[in-house]
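Below: the structure, in structure tokens.
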Amino acid sequence: MTPLTRSLAVLALSALPLLAQPGLEMPGPGSGPRGGRMARVLDLTEAQKTSIQAIHEKHRPDMTARREAVRLAQTALQAAFRDAATPEAQLRTLHDKASAARFEMMLAGRSIRQEVDAVLTPEQRAKAADLRGTAQAHRRERMHHLRRAAGMAG
């Protein structure tokens with residue numbers, strides 16, 4: 001694998017975790033396959049489903065804007081990285097912007113998760129935390145396989 005190909009593979013793989021960020025486009029309970037499954041597993045009441053759906057709807061515009069900011073920052077970084085004339089200092093600045101945008105989105109997702117957790121019973125919160133842990137382990141495993149397939153250590 002040439003250094004350029006390897007660099008592009010690293011950049012492409014670095015964007016994949018964005019697809020797996022918690023709180024992104026996760027439908028509220030009962031509004032889709034993932035949300036409906038979660039509602040069933042947690043045995044949510046109709047009132048809880050309604051409250052959680054309202055939380056997701058309230059934050060949807062903000063999360064859409066944050067996802068777009070991440071996408072734009074990541075696109076700018078990737079374009080600059082492909083241009084051999086881009087100075088390292090500019091790459092660092094663009095990387096910092098992309099990283100900050102991702103972190104802001106993660107914080108917003110955390111805030112939404114905390115609002116949702118406030119609607120749940122202690123037992124449901126514990127079960128939801130277990131499910132999130134399991135999902136995170138599955139994401140890590142997928143990333144490991146993707147890295148191995150790209151010929152990278154990991």
Can you measure from [atom1] ([X]) to [atom2] ([Y]) and round to the nearest 0.5 angstrom?
X: Q74; Y: H95; atom1: CD; atom2: NE2; result: 8.0 Å
X: R60; Y: I55; atom1: CZ; atom2: CD1; result: 12.5 Å
X: R71; Y: T75; atom1: CZ; atom2: OG1; result: 5.0 Å

Got a sec, which residues hit side chain to side chain contact (heavy atoms under 4.5 Å, CB included) with [X], two or more places apart in sequence or on another chain?
X: L107; value: F103, E104
X: A69; value: none
X: T121; value: Q48, E123, Q124
X: A80; value: T86, L91, L94

My understanding is that only residues two or more places apart in sequence, or in another chain, count here; which of them pass side chain to side chain donor-acceptor pair (under 3.5 Å) with [X]?
X: E115; answer: K58, H59
X: E88; answer: R92
X: H145; answer: E141
X: R140; answer: Q136

Note to self: Membership question, hydrophobic clusters at under 4.5 Å side-chain separation (ILVMFWY): are L131 and I52 in the same one?
What the structure shows: yes
Margin query: Quick check on side-chain contact (heavy atoms from CB on, under 4.5 Å): which of M106, R102, K97 does V70 satisfy it with?
Written below: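 Testing V70 for a side-chain contact (heavy atoms from CB on, under 4.5 Å) against M106, R102, K97 leaves exactly one candidate, R102.
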Do you know the tightest heavy-atom contact between [X] and [Y]?
X: A73; Y: A98; result: CB-CA, 3.6 Å
X: A128; Y: L42; result: N-CD2, 3.7 Å
X: R125; Y: L120; result: NH1-O, 2.6 Å

Next item on the list: Using the side-chain contact (heavy atoms from CB on, under 4.5 Å) rule, take M63 and H56 through it: C-alpha gap first, then chi angles, then the decisive distance, then the call.
Entry: CA-CA 9 Å; M63 290 303 288; H56 284 282; over 6 Å; no
Next item on the list: Under the salt bridge (Lys or Arg N to Asp or Glu O under 4.0 Å) rule, collect the residues that match up with D117, sequence neighbours excluded.
Entry: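 With sequence neighbours excluded, D117 shows a salt bridge (Lys or Arg N to Asp or Glu O under 4.0 Å) to R132, given in chain and number order.
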Check: Partners of D62 by salt bridge (Lys or Arg N to Asp or Glu O under 4.0 Å), sequence neighbours excluded?
Finding: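 Residues passing salt bridge (Lys or Arg N to Asp or Glu O under 4.0 Å) with D62: R66.
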